[in-house]
2 protein chains.
Amino acid sequence: MTTTPRTRLSPERRREQLLDLGVRLLAHRSLDELSIDLLAEEAGISRGLLYHYFGSKQAFHEAVVRHAADDLIAQTTPPTDGDPLERLLTSVTAYVDYVVANHEGYVSLVKAAAGGNESLRAIYEDARSALNGRVFREDVHGEIVPDTPANRLVVRGWSAMVEELVLSWIDDPRGVTRADLLAIVTGSLPAIVGVTPGR
Amino acid sequence: MTTTPRTRLSPERRREQLLDLGVRLLAHRSLDELSIDLLAEEAGISRGLLYHYFGSKQAFHEAVVRHAADDLIAQTTPPTDGDPLERLLTSVTAYVDYVVANHEGYVSLVKAAAGGNESLRAIYEDARSALNGRVFREDVHGEIVPDTPANRLVVRGWSAMVEELVLSWIDDPRGVTRADLLAIVTGSLPAIVGVTPGR
DNA sequence: CACTCTATTGACGTCCGTTCAATAGCGCCA
DNA sequence: TGGCGCTATTGAACGGACGTCAATAGAGTG
């Protein structure tokens, strides 16, 4: 119990510190399993300061999730040159590597999505729309996935699968190499589109 | 505010009533958004009675989720006759129809899974293992999906996709018929297995 | 009709999220 | 260098919700 004297940071740094800590703490606990006391102690601040910055526990969680979502989207932007398929593959590879590298942040994002609030789900939904939209945006001429209602649905399903694949693989990679995983992830999209009833 | 006089039920009936109510209430709220007060009032009982039956709010949630999971598994058991592929298709179709019919129950199961406790996730994990296991169990000779580590992973991913497809389709079925959905769901498994690196 | 068994209650204690007036770092100016 | 002011930070006090337990009252039985 090191009682560090009050340290005064700039609002930006403090906010950043609290968000990063939140991402870490919310990766393996749910929101109501995380007490403000623990969070405050872990950050070396008082309970009150958290409310000064975020207003409520709920709002803090939203800020944490948005933080993680923005980071994910920023770090997986597709390259601007190359042919459509190639750009998509690069982006998907970046996604896989991001999830592997930022496991905790990604898990806290996903946990918030399914388990939480309406507004939390909205944040996740926006993030995933951005990711899914790339498939159609990068593939303007419909070479890989023609833009139909059925394929919109398929891409949603495919991205859910990719998420599950990566998280499961991280959890237990036995018998499957990173290359195998990437082959499954990238190969499955055209494969599924191939069996989807067209218009 | 109808103040009904105290009604005395058999423990089985009371338990059943509370679980059914819990499934309904937990479909659209998370656990900490559901107060014991609301639950008790909705059920027409006192707060204390809930603790008599389940011991804690957490334990109540677990019972609700287990209730939903058992129901799902029971109502989608594959038939015992027919060839492997046919039995699987029947089971998957039953799964889709079950989710459509018991939307609330299924949502409260899924929400609990990603958002919740370790033990909640374990319950969901068991349920899904049971479902996924059918693919290999019903397909003993590996006609559809040979039992390899990569394919174990693929089936996990596929079932996550199926879940997302069905829930998204229920949310917005425009432009996709039930037959389309079933075609995507059933066709995608062999398609993905086809692009998966073998052993 | 009384009696017993047990399902059910409701008041109480405690913990935790939230508020707000008071406090004290840190840069700035003389 | 030293004091001053701005504002980041605190901690005690409040309220509401979870959880406990001895008391109560339905429902079947003799």
Side-chain angles (χ1 to χ4, degrees), chain A residues 1-22 25-26 28-65 108 111-112 115-120, chain B residues 1-22 25-26 28-65 112 115-120:
Chain A
M1 190 69 70
T2 43
T3 317
T4 22
R6 172 188 297 202
T7 53
R8 185 191 177 106
L9 297 183
S10 74
E12 294 74 33
R13 284 199 176 284
R14 183 63 82 188
R15 202 182 149 83
E16 191 76 14
Q17 174 209 1
L18 293 176
L19 287 179
D20 285 343
L21 179 62
L25 292 180
L26 285 168
H28 298 302
R29 315 158 185 279
S30 66
L31 185 65
D32 59 333
E33 287 171 338
L34 172 63
S35 70
I36 301 283
D37 282 299
L38 176 63
L39 180 61
E41 186 178 340
E42 205 78 15
I45 61 169
S46 69
R47 282 204 304 282
L49 192 59
L50 195 85
Y51 286 89
H52 174 71
Y53 276 99
F54 299 100
S56 77
K57 200 183 180 186
Q58 190 49 237
F60 172 67
H61 195 190
E62 292 175 20
V64 167
V65 170
S108 66
K111 280 178 71 81
N117 206 342
E118 186 54 46
S119 50
L120 284 176
Chain B
M1 191 67 71
T2 45
T3 317
T4 21
R6 169 189 299 202
T7 54
R8 185 192 175 105
L9 297 182
S10 74
E12 294 75 31
R13 284 196 177 286
R14 183 63 82 190
R15 201 183 151 83
E16 191 77 14
Q17 174 211 359
L18 292 177
L19 288 178
D20 286 343
L21 179 63
L25 291 181
L26 286 168
H28 298 302
R29 316 159 183 280
S30 67
L31 185 65
D32 59 335
E33 287 169 339
L34 172 63
S35 71
I36 302 282
D37 282 298
L38 176 64
L39 180 61
E41 186 178 341
E42 204 79 15
I45 61 170
S46 69
R47 280 206 305 285
L49 192 59
L50 195 84
Y51 287 90
H52 175 70
Y53 276 100
F54 298 99
S56 75
K57 199 183 181 187
Q58 191 47 237
F60 172 68
H61 196 191
E62 291 177 19
V64 166
V65 170
N117 206 341
E118 185 54 45
S119 50
L120 284 176

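Chain letters run A, B, ... following the sequence lines, proteins first, then strands; residues in each count from 1.
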d(CG, A/Asp32; C1', D/dG16) in whole Å:
16 Å
Taken to the nearest whole Å, CG/A/Leu49 to P/C/dG25 is 14 Å
To the nearest 0.5 Å, what is the distance between OG (B/Ser56) and CD (B/Glu62)?
7.0 Å
Rounded to the Å, how far apart are A/Arg14 CZ and C/dG25 P?
13 Å
Just how far, in rounded Å, is P of C/dG10 from CG of B/Asp37?
13 Å
What is the nucleic acid contact for B/Ser46, judged by heavy atoms within less than 4.0 Å: base, sugar-phosphate only, or nothing?
base
Of B/Arg6 and A/Leu50, the one whose closest nucleotide on DNA chain D sits nearer the 5' end is A/Leu50
Mind checking if B/Tyr53 touches a base, just sugar-phosphate, or nothing, with heavy atoms under 4.0 Å?
sugar-phosphate
Would you state whether a donor and an acceptor, one from the side chain of A/Arg8 and one from the base of D/dT7, lie under 3.5 Å apart?
yes
Short side-chain to backbone donor-acceptor contact, B/Glu41 and B/Leu38, under 3.5 Å
no
Nearest whole Å is fine: how far is D/dC18 P from B/Phe54 CZ?
16 Å
Give me the atom names and distance for the closest heavy-atom approach of B/Val65 to B/Ala112.
CG2-CB, 3.4 Å
For the base of D/dG19, is there a side-chain donor-acceptor partner from B/Arg47 under 3.5 Å away?
yes
Side-chain atoms of B/Ile36 come closest, of D/dC18, D/dT9, C/dT8, to D/dC18
To check you understand the geometry: which heavy-atom pair defines the closest contact between A/Lys111 and B/Gly116, and what is its length?
NZ-O, 3.4 Å
Integer-rounded Å distance: C/dT18 C1' and A/Leu31 CG
14 Å
What integer distance in Å separates B/Lys57:NZ from C/dT14:C1'?
16 Å
Select base, sugar-phosphate, or nothing to describe what B/Ser10 touches, counting heavy atoms under 4.0 Å on all strands.
nothing
Look at B/Tyr51 and D/dG19 and indicate whether a side-chain polar atom (N or O) is within less than 4.0 Å of OP1 or OP2.
yes
Mind calculating the distance between CD (B/Gln58) and P (C/dC15) to the nearest angstrom?
19 Å
Which part of the nucleic acid, if any, lies within reach of A/Leu34 when heavy atoms closer than 4.0 Å are counted: base, sugar-phosphate only, or nothing?
sugar-phosphate
Hey, does the side chain of A/Lys57 reach the backbone of A/Leu31 with a donor-acceptor pair shorter than 3.5 angstrom?
yes
